[in-house]
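Since the structure comes first, as structure tokens, the remarks are kept for the end.
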Amino acid sequence: MSAIPFLGYLIDLLAVLLLALGLKGLSKVRSARSANGLAALAMGLAVAGLLLQLQPGALAWLAIVLGTLVGGGLGWLMARRVAMTEMPETVALFNGCGGMASLLVALAVALFDDGSADMVELVSVVISVFVGAITFSGSIVAMGKLQGWLGTPGWTQSQVRHAINIAIALAALVGALAVPGNPSGSALWLLVVASTLLGIGVTLPIGGADMPVVISLLNSYSGVAAAAAGFVVGSQLLIVAGAMVGAAGLILTQVMCTAMNRSLVSVLFGGALGGSAHVGGGGDEAGYSHIVSCSAEECAMALETAERVVFVPGYGLAVAQAQHALRELSKLLEAKGAEVSYAIHPVAGRMPGHMNVLLAEADVPYEQLVEMETINPEFPRTDVVIVLGANDVVNPDAKNDPSSPLFGMPVLEVDQARQVFVVKRSMGAGYAGIKNALFELPQTAMVFGDAKAVLQQLCAEVRSAA
Ligand code: NAP
């Protein structure tokens with residue numbers, strides 16, 4: 001092998017190492033930002049390595065450079081514009097693109113096969129087409145549902161959908177078995193169409209509450225499809241990167257299922273089995289009997305004497321974009337000598353790590369972000385807890401009421417604190433659509449209002465008392 005393609009292989013190896021380091025770094029808040037940069041650099045190096053391995057001047061050069069510029073430019077633009085609350089839809093779209101890329105690579109190899117493809121390549125083509133097409137169509141449906149463009153048709157909630165999906169899966173199996181014998185024949189198209197329909201058929205019935213789990217699973221599928229495409233084109237880089245994404249997506253899916261107290265089976269088949277956590281109703285004013293509400297001024301008075309304060313951020317904090325006002329209040333309390341921390345529930349908000357990202361935006365020090373397992377034993381010695389736009393993740397019924405849809409989900413045990421203030425706009429329910437027993441406890445007071453407006457009032461009160 002001449003020197004330049006060899007250099008390309010070395011760069012590929014470096015890209016794999018950087019990608020692995022990047023994925024590892026994403027597991028810690030402190031290193032997540034630089035880890036993301038490392039992973040992006042790895043992708044850039046992967047493209048450079050590929051260019052070096054090709055004949056200079058080949059038409060493929062132009063296609064790769066143009067594809068990288070257009071794709072990279074579009075990705076950059078989308079990432080800059082997307083609101084944090086729309087991240088799950090964006091991830092779904094990116095997964096879909098990954099699935100489509102693997103599908104197209106495998107299709108190209110199958111359609112232009114000159115009879116030289118061996119059995120490993122042909123089986124990889126089948127896997128890449130099958131998983132790539134499911135990932136593509138499933139991700140597009142997931143994005144459409146999250147955006148509110150697609151609903152859940154009634155028939156998908158009956159047993160009929162299982163019969164339809166099984167029939168489609170059988171058609172895909174027929175196509176898959178026939179492709180190795182005649183890679184560019186009609187069986188290939190049967191496999192493409194059936195797999196695409198299967199992606200739609202499996203994702204369409206799933207309720208919105210479970211969609212982020214499905215997106216994480218589809219992310220894992222996109223890794224599997226990429227790894228299979230790696231076998232198709234003989235790219236070790238793609239095989240390793242795809243396997244890492246596949247494994248990481250699967251681990252995240254498991255973590256989310258555990259944190260939401262859902263099994264993967266009930267997420268995937270829950271629509272028809274009636275097991276969705278998104279039950280709706282039960283959380284309006286009519287459902288509560290003794291609620292105490294107070295003004296921001298009263299809440300500020302409690303804060304002024306508190307030695308230990310814990311903030312619990314939730315989805316509503318992200319909606320209100322109140323993270324900067326929250327940081328401001330923390331600084332004021334710290335200046336008065338209070339010990340301040342933030343309790344982070346693994347599924348607070350609408351995507352994994354949502355609260356970490358939100359608070360990092362406001363420069364909250366990482367060491368003040370405390371995970372659920374660590375902060376729960378601390379609540380009994382906490383003077384004041386302020387729940388900001390969080391609801392399900394602080395619902396004590398998850399521990400105490402076996403009939404609650406949330407029962408078994410680990411929650412932040414804020415009910416153990418001496419005083420709890422819940423900042424939200426109304427008695428409206430959270431994501432699970434159910435009543436929250438915390439709101440009726442004697443140590444709880446509701447502070448009604450938009451999280452940002454209330455936090456700004458609290459800042460003003462605490463400042464004026466100084
Ligand atoms: P939540 O249970 O969805 O509750 C959010 C609360 O925020 C609502 O009760 C709402 O009450 C309040 N709110 C909305 N806008 C507000 C504003 N501008 N100011 C103040 N409050 C506002 O949120 P959570 O406690 O963070 O729980 C997350 C839920 O999402 C869990 O059920 C979790 O399983 C689910 N989930 C999470 C993920 C993930 O990966 N993080 C993925 C999928 C699902 P008002 O309308 O009365 O203001």
Side-chain angles (χ1 to χ4, degrees), residues 71 88-113 122-147 149-153 155-156 160-206 210-211 213-233 238 242 245-246 249 267-269 271-272:
E89 291 94 306
T90 313
V91 174
L93 183 64
F94 287 166
N95 288 342
C97 291
M100 185 174 64
S102 306
L103 168 67
L104 292 179
V105 166
L107 269 183
V109 168
L111 290 175
F112 297 105
D113 176 49
L122 292 172
V123 170
S124 304
V125 164
V126 169
I127 296 174
S128 200
V129 168
F130 179 66
V131 185
I134 288 182
T135 309
F136 167 64
S137 58
S139 299
I140 299 304
V141 169
M143 186 192 75
K145 291 194 85 164
L146 283 173
Q147 285 280 9
W149 297 337
L150 285 175
T152 306
W155 65 267
T156 64
V160 174
R161 71 166 173 141
H162 291 311
I164 294 174
N165 283 341
I166 289 171
I168 298 172
L170 285 176
L173 183 67
V174 170
L177 292 175
V179 165
N182 181 11
S184 56
S186 51
L188 181 67
W189 296 110
L190 174 64
L191 179 61
V192 172
V193 172
S195 310
T196 307
L197 289 177
L198 194 58
I200 299 172
V202 169
T203 318
L204 202 55
I206 297 173
D210 291 325
M211 208 41 92
V213 178
V214 175
I215 288 172
S216 173
L217 190 65
L218 287 166
N219 179 244
S220 171
Y221 288 175
S222 75
V224 174
F231 279 106
V232 173
V233 294
L238 212 48
V245 172
V267 168
L268 293 179
F269 305 105

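Residue numbers start at 1 and run along the sequence shown. Because the structure is a prediction, the values reported are computed rather than measured.
Val131 places none of its side-chain heavy atoms less than 4.5 Å from the side chain of Leu103. Phe231 is not listed as a side-chain neighbour of Val123, based on a closest heavy-atom distance of 4.5 Å or more. With contacts defined as side-chain heavy-atom distances shorter than 4.5 Å, the pair Leu146/Ile215 qualifies. A 4.5 Å side-chain heavy-atom check between Leu122 and Val179 finds every atom pair outside the cut-off. At least one side-chain heavy atom of Val233 sits under 4.5 Å from a side-chain heavy atom of Val105.
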Inset, instruction - Could you go through the side chain to side chain contact (heavy atoms under 4.5 Å, CB included) check for Val214 and Leu218 one step at a time? - result: CA-CA 6 Å; Val214 175; Leu218 287 166; 3.9 Å; yes
Inset, instruction - List the steps and the verdict of side chain to side chain contact (heavy atoms under 4.5 Å, CB included) for Ile134 and Val202. - result: CA-CA 9 Å; Ile134 288 182; Val202 169; over 6 Å; no
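Scanning all heavy atoms of the two residues, the minimum distance from Thr196 to Ser137 falls at O-OG, 2.7 Å. When all heavy atoms are compared, the tightest approach of Phe136 to Gly96 is CD1-O, 3.6 Å. Smallest separation of non-hydrogen atoms from Val232 and Ser128: CG2-CB, 4.5 Å. Of all non-hydrogen atoms in Asn165 and Gly201, the two that sit nearest each other are ND2-O, 3.2 Å. Closest approach of Ala176 and Val126 over heavy atoms only: CB-CG1, 3.5 Å. Closest heavy-atom contact between Val245 and Ser222: CG1-OG, 4.3 Å.
Applying the side chain to side chain donor-acceptor pair (under 3.5 Å) test to every pair with at least one member in residues 167-191, sequence neighbours left out, gives no pairs at all. Contacts classified as side chain to side chain donor-acceptor pair (under 3.5 Å) and involving residues 89-110 (residues at least two apart or in different chains) are given here: Asn95-Asn219.
Rounding to the nearest 0.5 Å places CD1 of Ile140 at 11.0 Å from OG1 of Thr135. Atom CG of residue Leu217 and atom CE of residue Met211 lie 11.5 Å apart, to the nearest 0.5 angstrom.
Of the possible polar contacts, one joining the Lys145 side chain to the Leu204 backbone as a donor-acceptor pair under 3.5 Å is found.
Listed by chain and residue number, Thr253 satisfy the side chain to side chain donor-acceptor pair (under 3.5 Å) test with Ser216 (two or more places apart in sequence, or in another chain).
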